[in-house]
Amino acid sequence: MTDLQKIYSRLFDSFGPQNWWPADTPFEVMIGAILTQQTSWKNVEVAIQNLKDKNLLNVESLSDIPNDELEKEIRKTGFYRQKSKAVKNLVSFLMEEYQGDLDKMCTEDRQELREKLLSVKGIGHETADSILLYACIKPFFVVDAYTRRALKRLELADTDDYEQIRDFFESSLPKETTLYNEFHALWVELGKRHCKIKPLCDNCPLNDMCPHPSKTE
DNA sequence: ACCCAGGTGGCCC
DNA sequence: GGGCCACATGGG
């Protein structure tokens, strides 16, 4: 059993299945992925509900809505001017490349699709991979800040580079979307429980795996 | 009055 | 290829 498989087992046994992404449709996943950038999910839920209440959570409406009106709906998620532009950029991309058809987007070659998503302004590595994994169900491992900090803490990775860490996961684990899905969600759950600082936390399922569990800086 | 949150892009060297 | 920085609201 590899270190990563062991960690996954510990997290799964402690926190249980996370059943991500919390959304009703793949389109909702994509918009949520942008809105949750550097923002707690609680605030994103409000914004998503605002959009749903006004029947704005679809490609056509978000294509037509003026930027300042969209900003109002998503204000609570922070960085709302940037995120509003990112959402508009994404729906423009969807319309131009796939006539607004998400299924069409997801049938494209996975590497090419990733490159295209990354070329959309406002969509970076994590957002692109979140869309690929949770909206298109393609095996890309999503790496977030929690994951990087924990890997470094556990001395399993000596880099901060996103692509290297993603490659580490993808080459160490079976290429299963359900595994990638749960694993990333479990890292986030670990982070939410404040297991990100040294020592990871009280009752953290990974504490005894830390190289220096009682080191005091 | 801090610090952090399921990041990203634009600079600079 | 890194190291800063602005971006913005809400909750502890």
Side-chain angles (χ1 to χ4, degrees), chain A residues 7-8 11-12 15-23 26 28-51 67-93 114-136 140-153 157-167 169 177 179-198 200-202 204 217:
Chain A
I7 289 169
Y8 177 76
L11 293 176
F12 190 90
F15 303 143
Q18 303 297 302
N19 302 310
W20 272 23
W21 185 283
E28 188 178 330
V29 171
M30 301 206 304
I31 302 305
I34 290 173
L35 297 182
T36 198
Q37 290 167 357
Q38 191 62 27
T39 302
S40 63
W41 182 254
K42 188 70 184 159
N43 295 326
V44 177
E45 287 179 323
V46 176
I48 293 282
Q49 195 56 50
N50 285 344
L51 296 173
N67 219 288
D68 58 322
E69 284 186 35
L70 178 54
E71 288 176 359
K72 271 191 291 183
E73 308 302 334
I74 67 173
R75 197 171 88 267
K76 284 192 165 46
T77 68
F79 303 133
Y80 58 86
R81 278 185 277 263
Q82 288 188 174
K83 287 175 179 176
S84 175
K85 284 179 195 148
V87 166
K88 300 288 281 181
N89 290 340
L90 177 59
V91 295
S92 297
F93 165 74
R114 185 167 196 269
E115 291 307 311
K116 285 189 183 180
L117 285 170
L118 286 174
S119 73
V120 177
K121 241 200 284 190
I123 295 184
H125 296 121
E126 185 179 342
T127 306
D129 288 334
S130 295
I131 291 171
L132 288 162
L133 179 61
Y134 293 104
C136 289
F140 286 96
F141 200 95
V142 180
V143 178
D144 66 302
Y146 294 136
T147 311
R148 291 190 220 196
R149 281 189 290 245
L151 275 195
K152 208 158 196 179
R153 168 79 181 119
D158 54 354
T159 178
D160 281 321
D161 183 76
Y162 185 98
E163 297 299 331
Q164 284 187 46
I165 295 177
R166 185 171 65 81
D167 186 64
F169 279 96
T177 54
L179 171 62
Y180 288 9
N181 178 324
E182 285 295 335
F183 207 159
H184 169 62
L186 286 165
W187 278 125
V188 174
E189 183 59 23
L190 181 74
K192 281 182 178 171
R193 296 179 188 226
H194 306 290
C195 296
K196 56 183 184 283
I197 24 177
K198 311 176 184 181
L200 289 174
C201 67
D202 295 333
C204 175
E217 303 277 271

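If you're wondering where the values come from, they're calculated on a predicted model, not measured in any experiment. Per chain, numbering begins at 1; letters A, B, ... match sequence-line order.
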Inset, instruction - Check every strand shown and say whether A:His184 touches a base, only sugar-phosphate, or nothing at a heavy-atom separation below 4.0 Å. - result: nothing
Inset, instruction - Find the distance A:Lys85:NZ to C:dA6:P and express it as a whole number of Å. - result: 17 Å
Inset, instruction - Measure the distance between the ring centre of A:Tyr146 and the centre of the six-membered base ring of B:dG6, then answer whether it is under 5.5 Å with planes under 30°. - result: no
Inset, instruction - Mind calculating the distance between CD (A:Glu45) and P (B:dA5) to the nearest angstrom? - result: 18 Å
Inset, instruction - Answer with base, sugar-phosphate or nothing: what part of the nucleic acid does A:Thr127 contact at a heavy-atom distance below 4.0 Å? - result: sugar-phosphate
Inset, instruction - Find the distance A:Ile74:CD1 to B:dG7:P and express it as a whole number of Å. - result: 16 Å
Legend entry - Distance test, side-chain N/O of A:Arg149 to OP1/OP2 of B:dG6, below 4.0 Å: no
Legend entry - Touch class at under 4.0 angstrom, heavy-atom based, for A:Tyr80 against every strand present: sugar-phosphate
Inset, instruction - By nearest nucleotide on DNA chain C, pick out whichever of A:Arg81 and A:Ser40 is the more 5' one. - result: A:Arg81
Inset, instruction - Have a look at A:Ala185 and say if it touches a base, only the backbone sugar-phosphate, or nothing, with a 4.0 Å heavy-atom cut-off. - result: nothing
Legend entry - Spacing of A:Ile165 atom CD1 relative to B:dG6 atom C1', expressed in whole Å: 15 Å
Legend entry - Contact nearer the 5' end of DNA chain B, comparing A:Ser130 with A:Ile123: A:Ser130
Inset, instruction - Considering only atom P, compute the distance from B:dG6 to C:dC7 and round it to an integer number of Å. - result: 22 Å
Legend entry - Nucleotide nearest A:Ala145 when distance is taken to its side chain, options B:dG6, B:dG7, C:dG10: B:dG7
Legend entry - Sugar-phosphate only, base, or nothing, as touched by A:Glu126 at under 4.0 Å among non-hydrogen atoms: sugar-phosphate
Inset, instruction - Round to the nearest Å and state the distance from A:Ile34 atom CD1 to B:dA5 atom P. - result: 21 Å
Inset, instruction - Would you mind telling me which of B:dA5, B:dG10, C:dC7 lies closest to the side-chain atoms of A:Gln82? - result: C:dC7
Inset, instruction - Give the rounded distance in Å between these two atoms: CZ of A:Arg148 and P of B:dC4. - result: 16 Å
Inset, instruction - Indicate whether OP1 or OP2 belonging to C:dT9 is found under 4.0 Å from a side-chain N or O atom of A:Lys76. - result: no
Inset, instruction - Decide, yes or no, whether a salt bridge links A:Glu71 with A:Arg75 under the criterion of side-chain N to carboxylate O below 4.0 Å. - result: no
Inset, instruction - Could you tell me the separation between the OG1 atom of A:Thr147 and the CG atom of A:Leu190, rounded to the nearest 0.5 Å? - result: 9.0 Å
Inset, instruction - Mind telling me whether A:His125 and A:Tyr162 have parallel, tilted or perpendicular rings, with 30° and 60° as the class edges? - result: parallel
Inset, instruction - With heavy atoms under 4.0 Å as the rule, sort A:Lys121 into base, sugar-phosphate or nothing. - result: sugar-phosphate
Inset, instruction - Of all the heavy-atom pairs spanning A:Arg148 and A:Val143, show the shortest one and how long it is. - result: CG-CG1, 3.8 Å
Inset, instruction - Measure from CD on A:Gln37 to P on B:dG6 and round the result to the nearest Å. - result: 13 Å
Inset, instruction - Just call it for A:Trp20: base, sugar-phosphate, or nothing, with non-hydrogen atoms closer than 4.0 Å on any strand. - result: base
Legend entry - Separation of B:dG9 C1' from A:Lys83 NZ (nearest whole Å): 14 Å
Legend entry - Of A:Leu133, A:Ile131, A:Leu132, the residue whose pairing with A:Asp129 passes side-chain contact (heavy atoms from CB on, under 4.5 Å): A:Leu132
Inset, instruction - Classify the ring geometry between A:Phe141 and A:Phe169 as parallel (under 30°), tilted (30 to 60°) or perpendicular (over 60°). - result: parallel
Legend entry - Salt bridge A:Glu163-A:Arg166, side-chain N to carboxylate O under 4.0 Å: yes
Inset, instruction - Just call it for A:Gln38: base, sugar-phosphate, or nothing, with non-hydrogen atoms closer than 4.0 Å on any strand. - result: base
Inset, instruction - Classify the nucleic acid contact of A:Val120 as base, sugar-phosphate or nothing, counting any heavy atom under 4.0 Å across all strands shown. - result: sugar-phosphate
Inset, instruction - Using the P atom on both, measure C:dA8 against B:dC11 and round to a whole Å. - result: 16 Å
Inset, instruction - Have a look at A:Gly78 and say if it touches a base, only the backbone sugar-phosphate, or nothing, with a 4.0 Å heavy-atom cut-off. - result: base
Legend entry - Closest listed nucleotide, where the reference is the side chain of A:Pro22 and the choices are B:dG6, B:dG7, C:dT9: B:dG6
